Structure formats: C-alpha cells, structure tokens
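All values below were derived from every heavy atom in this structure, side-chain atoms included, with hydrogens, water molecules and symmetry-related copies excluded. Everything numeric here is computed off the predicted structure, so don't read it as measured data.
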Amino acid sequence: MLVPQEGYLTCEVDVLVKCPICGSRIVQLTRIENEDKLSVIRKTNAKAKKFFENLKSNILYEVKNYDYSKIVQGSKFFLNYNEFGVKKRCYSNLSGMKLGKFDFSTP
C-alpha cells in the first residue's frame, strides 16, 4: 500500500518478481480516483525495477500472501481404542466392507 497521491483515494503497488509464463519482472501501480475511476500503470523488466525503486519511498506497509496449503491442520496420531477401551476396527481392509455392494444374482 502506498501513500495516496493528490486526487486519489488509494494507491496500491503489486510486484511479481518472476512471471511463471514469460519469466519477466512485473510491477503494477493501481490507483483509484475520487470519482471512482481506476488508473493502472504496468511496467516490465528493467523499467519495472526502476519504477519500483522510485515508488519504494512511498510504501506505507507490505501485505504478504501466505501459502496456507503447507500448514498442517491436525495431528497424524491415531488411537486404536475408542472411549470405552474397545479396540477399533481396521478400515484398511476394504474388501470386508459391505457399503455400496448390490446383489445382482436375482432376476
């Protein structure tokens, strides 16, 4: 997020260090005017690096995106006994399960 310039409500800069398709560095400045008009400036490669260096002094704060898919949500611990102390069934043997089986032998 950048310091809003005169006549703009918000200014935001997006930086893509390396595009996965073309490999270019991309910097995009998005500004919203008072009349809800959108202004977008996009630079690539060497011009993008110089453009970002010019904008660096106006940055208020940085928003980081986290990859939540790498966060483990639960434990891998499995207790083989239920709350009454009885050993649980083994569900890895799928041939013993009767779910979804139909008897097609009767006409």
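- Going from atom SG of Cys22 over to atom CG of Asn45 covers 7.5 Å, rounded to the nearest 0.5 Å.
- The structure places NZ of Lys56 at 13.0 Å from CG of Leu2, a figure rounded to the nearest 0.5 Å.
- The two residues Cys11 and Pro4 come nearest to each other via the heavy atoms SG-CA, 3.8 Å.
- We find the CG-CG distance between Leu29 and Asn54 to be 11.5 Å, quoted to the nearest 0.5 Å.
- A distance of 10.0 Å separates CD of Gln28 from CD1 of Ile41, quoted to the nearest 0.5 Å.
- Side-chain heavy atoms closer than 4.5 Å link hydrophobic residues (I, L, V, M, F, W, Y) into clusters, and following such links, possibly through other members, connects Ile32 to Val40.
- Within the 4.5 Å cutoff, no side-chain heavy atoms of Val15 are placed close to those of Ile26.
- Grouping the Ile, Leu, Val, Met, Phe, Trp and Tyr side chains by contacts below 4.5 angstrom, directly or via other members, places Val3 with Val63.
- Closest of all the heavy-atom pairs between Ala48 and Arg25 is CB-O, 3.8 Å.
- Salt-bridge annotation for Lys50 and Glu53: absent, with no side-chain N of the basic residue lying under 4.0 Å from a carboxylate O of the acidic one.
- Here the CG atom belonging to Asn34 is positioned 10.0 Å from the CD atom belonging to Glu6, to the nearest 0.5 angstrom.
- The line from CG of Leu9 to NZ of Lys37 is 13.0 Å long, rounded to the nearest 0.5 Å.
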